[in-house]
Every structure is written in structure tokens, then in C-alpha cells.
Amino acid sequence: QVQLVESGGGLVQPGGSLRLSCAASGSIFSIAAMGWYRQAPGQQRELVARIPSDGSTNYADSAKGRFTISRDNAKNTVFLQMNNLKPEDTAVYYCNAMASTYYRANTYSNYWGQGTQVTVSS
């Protein structure tokens, strides 16, 4: 199994910054991609940013120019630097990893963290 543990959420004023971290652990054989999703009350979970193992990045339009995703492959950790935060960024942020384990090295599955609350409010 693969476990994801997020940290770094909290309350911030509009225009402020937060840095989220997510560490993957367990019987990891390979991680193809890691990413961040978010879910606001009453809304569906949506992609914020994603980074495959080749280092390329994908961002939601709402995140472009304000958020930066990065990854430390050696530590199986992904980060999300969020700048110029807006009230509409308020949501629970979930870490995601597409990974295989030593038990099934050729099969990739989606794993999720428990989520971390980000609240942007004055």
C-alpha cells in the first residue's frame, strides 16, 4: 500500500501565501505522477496541478501564474507553493499519487491523502 500525508494548510489572508507538502510512503515501487486536487463545499473535486515523473507540469487555469508544483523524486514528496491566494481558493486540498507497489510493480493505482484545509479570508 501507499500512504500520503499532507501538511501546510491553514488560514491566510487574501494575497498571502502557503506551501503544501505531501510525502508518500509504503511499499512504493514507482510513482508515475503526483498532484494536488481541491474540493470546495458543494463542489466536485478538481485538479489544481500535476507533475509526472519527467518533471513536466500541468495547471488548472485558476492556478496558472500563482501556484507552482514541484517534486522531490528521491523523497517521494510533492510541494505546492501557492501565492496571491484568493477567497475562491478556499477548499480542502488533496494530494494524489499514481503509483505501483513492490507487490504489483506493473500496475498503477491512484492513491489519495486525507486532505488539508486551506482557508483564505480576511
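- The environment of D54 atom CG is dense: over 12 non-hydrogen atoms of other residues, nucleotides or ligands sit within 6.0 angstrom.
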Problem set entry | Verdict with supporting geometry, T116 and Y93, side chain to side chain contact (heavy atoms under 4.5 Å, CB included) | CA-CA 5 Å; T116 184; Y93 284 69; 4.2 Å; yes

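- The backbone N or O of G115 lies less than 3.5 Å from a partner atom in the side chain of E6, making a donor-acceptor pair.
- Contacts classified as salt bridge (charged side-chain N to carboxylate O under 4.0 Å, His left out) and involving residues 67-76 (residues at least two apart or in different chains) are not found.
- C95 has its side chain out of reach of Y111: every pair of non-hydrogen atoms, C-beta onward, lies at least 4.5 Å apart.
- Nearest approach of T90 to Q117, heavy atoms of both residues: CG2-NE2, 4.0 Å.
- Within a 6.0 Å sphere centred on CD of E88, other residues, nucleotides and ligands contribute more than 12 heavy atoms.
- You'll find the side chain of L80 reaches within 4.5 Å of the side chain of V48, heavy atoms only.
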Exercise. Step by step, would you call I31 with Y108 a side chain to side chain contact (heavy atoms under 4.5 Å, CB included)?
Worked result: CA-CA 8 Å; I31 299 179; Y108 286 85; over 6 Å; no

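- Side chains of L18 and V118 form a contact here, defined as non-hydrogen atoms less than 4.5 Å apart.
- Contact of the M82 side chain with the L20 side chain is registered, since non-hydrogen atoms from C-beta on lie closer than 4.5 Å.
- Both the sub-6.0 Å distance and the 45° axial angle are satisfied by R45 relative to the ring of Y94.
- Proximity of Q44 to E46: side-chain heavy atoms (C-beta onward) are nowhere separated by under 4.5 Å.
- S53 approaches N73 most closely through the heavy-atom pair O-ND2, 4.0 Å.
- With sequence neighbours left out, the salt bridge (charged side-chain N to carboxylate O under 4.0 Å, His left out) criterion links R66 to D89.
- If you chain together hydrophobic residues whose side chains sit under 4.5 Å apart, V78 and Y59 fall into the same group.
- When all heavy atoms of M34 and A24 are compared, the closest pair comes out as CE-CB, 4.2 Å.
- Residues S121 and P87 are not in side-chain contact: their nearest non-hydrogen atoms beyond the backbone lie 4.5 Å or more apart.
- Looking at residues two or more places apart in sequence or on another chain, you find no side chain to side chain donor-acceptor pair (under 3.5 Å) involving Q39.
- Going from atom OH of Y37 over to atom CG of N96 covers 5.0 Å, rounded to the nearest 0.5 Å.
- The stretch residues 102-116 participates, sequence neighbours left out, in no salt bridge (charged side-chain N to carboxylate O under 4.0 Å, His left out) pair at all.
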For this session: For side chain to side chain contact (heavy atoms under 4.5 Å, CB included), just list the numbers for S62 and R38, CA-CA rounded to whole Å, side-chain angles, deciding distance to a tenth of an Å, and then say yes or no.
Result: CA-CA 12 Å; S62 59; R38 68 186 182 187; 3.3 Å; yes

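- Here the closest heavy-atom approach between residue S122 and residue P14 is recorded as N-CD, 3.7 Å.
- In this structure, the side chains of Y102 and I28 stay at 4.5 Å or more apart for every pair of heavy atoms.
- Under the 4.5 Å side-chain criterion, counting only non-hydrogen atoms from C-beta, T119 is not in contact with V12.
- Note on residues 9-26: no pairs pass salt bridge (charged side-chain N to carboxylate O under 4.0 Å, His left out), not counting sequence neighbours.
- Every residue two or more places apart in sequence or in another chain that forms a side chain to side chain donor-acceptor pair (under 3.5 Å) with S17 is listed here: N83.
- F67 has its ring centre no less than 6.0 Å from the ring centre of W36.
- In this structure, L4 and A97 approach most closely via the heavy-atom pair CD1-N, 3.7 Å.
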